[in-house]
Amino acid sequence: MGFKCGIIGLPNVGKSTLFNALTNSKIPAENFPFCTIEPNVGIVPLPDKRLDSIQSIVSSKKIIPAALDLVDIAGLVKGASQGEGLGNAFLSNIREMQALAHVVRCFKDDNITHVDGSINPIRDAEIINLELIFADLETVTKKLLKTEKLLKTNNDQIKKDYKILLKLKNELEAGRFISSNGMNDDEKVFVRNLQLLTTKPIFYIANISDDLDSKDLLNNFKEFANKSNHEVVPTFIKNEEEIASLEENEKNEYLELLGMDEPVLNKIIFKGYQILGLQTYFTAGPQEIRAWTIPINTAAPKAAGIIHTDFERGFIKAEVISFNDFIDNKGEAGAKENGKWRLEGKDYIVNDGDIIHFKFNV
């Protein structure tokens with residue numbers, strides 16, 4: 001089970017170069033606006049060192065990591081919600097995403113053009129954010145007009161919907177993203193069905209270089225992002241692309257030389273998981289070790305259903321060993337011997353890193 005994370009931003013900020021590095025693909029990343037026309041999609045494995053630790057004990061024939069669908073979306077420009085640049089078609093691409101990675105340029109380079117002629121990451125981020133807000137405002141306004149006509153039916157649900165839409169309109173007109181904080185469950189469902197762009201989990205990727213100007217731009221941008229509680233992952237994207245192209249032994253040597261324990265790309269992938277509230281559990285046997293992606297607070301039957309619907313429908317019990325207990329006790333036999341293997345029922349909430357074998361009967 002993967003999820004779609006869209007890479008967004010202005011043209012020429014490094015989106016396609018980042019996509020190439022993450023997916024090890026060779027899509028065009030040229031120095032002119034709108035190099036990306038159709039969205040590029042790549043499946044990226046979640047780099048999880050726990051798989052290697054499990055493999056050192058189980059010696060399975062195959063390892064299957066969790067994955068995400070990464071989508072490189074064409075650069076937006078000011079006025080996109082009114083059709084400028086490549087227009088609304090690309091806002092609709094964003095609508096299909098579950099999370100957004102917003103790339104901003106925090107470095108100066110006269111050889112790389114900027115669509116607005118100067119480097120200002122805060123301005124750039126605000127341009128994109130406003131286009132998302134304008135697109136949502138159009139959606140909410142249209143829905144509000146339709147709902148307003150139905151008020152004469154005196155239907156209680158219509159009245160509730162109208163009040164919610166008014167609140168949403170006020171928030172968007174004030175230049176704010178829509179937050180589910182303070183909403184009840186019914187309101188959250190209603191807003192979710194609107195598929196608003198500003199409700200999507202989002203984090204920033206600051207494309208940096210190693211000069212002092214870049215550091216100043218980054219520090220100022222972090223202050224801006226903190227005000228809206230959005231996280232920033234600083235990334236020297238061109239450098240990351242070079243690291244990704246190396247063989248594994250060369251990659252490790254280069255990372256050691258840079259004083260890094262892993263590529264920043266790994267942190268970006270995990271950040272996508274984190275902002276979506278996802279976690280991983282494992283199944284392990286002689287044929288394969290596999291990582292499965294589930295939302296945090298998922299009950300055992302639902303987690304089983306990710307493997308196959310029959311597992312959920314006929315769920316009986318789950319044999320569970322936590323990751324640390326599995327490693328510390330050298331696998332299932334040692335975990336059983338030391339009382340770390342347990343049977344859990346349908347109310348069990350799966351923890352990140354659990355190693356599970358499901359019992360079911362259909």
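In what follows, every heavy atom counts, from backbone to side chain, and hydrogens, waters and symmetry copies are set aside.
The heavy-atom pair separating Y348 from R342 by the smallest distance is OH-NH2, 2.9 Å.
Taking the charged nitrogens against the carboxylate oxygens, K49 and D52 have no contact shorter than 4.0 Å, which rules out a salt bridge. A salt bridge links R50 and D352; the closest N-O separation between the charged side-chain nitrogens and carboxylate oxygens is under 4.0 Å. Ion pairing between a basic and an acidic side chain is recognised when a charged N comes within 4.0 Å of a carboxylate O; E126 and R123 show no such pairing.
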Let me check something: any side-chain donor-acceptor pairs from residues 355-362 under 3.5 Å, sequence neighbours excluded? List them with distances.
none

Can you give me every donor-acceptor pair (side chain of residues 250-257, partner residue at least two apart or in another chain, under 3.5 Å) with its distance?
{"from": "E250", "atom 1": "OE1", "to": "E247", "atom 2": "N", "distance (Å)": "3.3"}
{"from": "N252", "atom 1": "ND2", "to": "E248", "atom 2": "O", "distance (Å)": "3.3"}
{"from": "Y254", "atom 1": "OH", "to": "N239", "atom 2": "OD1", "distance (Å)": "3.2"}

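For residues 188-197, the set of pairs meeting the side-chain hydrogen bond (donor to acceptor under 3.5 Å, both in side chains) definition, not counting sequence neighbours, is empty.
The side chain to side chain contact (heavy atoms under 4.5 Å, CB included) search around N329 returns D325, A335, N338, K340, not counting sequence neighbours. Annotation: side chain to side chain contact (heavy atoms under 4.5 Å, CB included) contacts of K62 (sequence neighbours excluded): I64, E288. In this structure D156 satisfies the side chain to side chain contact (heavy atoms under 4.5 Å, CB included) test together with K159, sequence neighbours excluded.
In the displayed structure, L212 atom CG is contacted under 6.0 Å by at most 12 heavy atoms of other residues, nucleotides or ligands. Heavy-atom neighbours of N184 CG from other residues, nucleotides or ligands within 6.0 Å: above the threshold of 12.
Separation of the F224 and F221 ring centroids falls under the 6.0 Å cut-off.
Residues V320 and F326 do not share a hydrophobic cluster, clusters being chains of Ile/Leu/Val/Met/Phe/Trp/Tyr side chains in contact below 4.5 Å.
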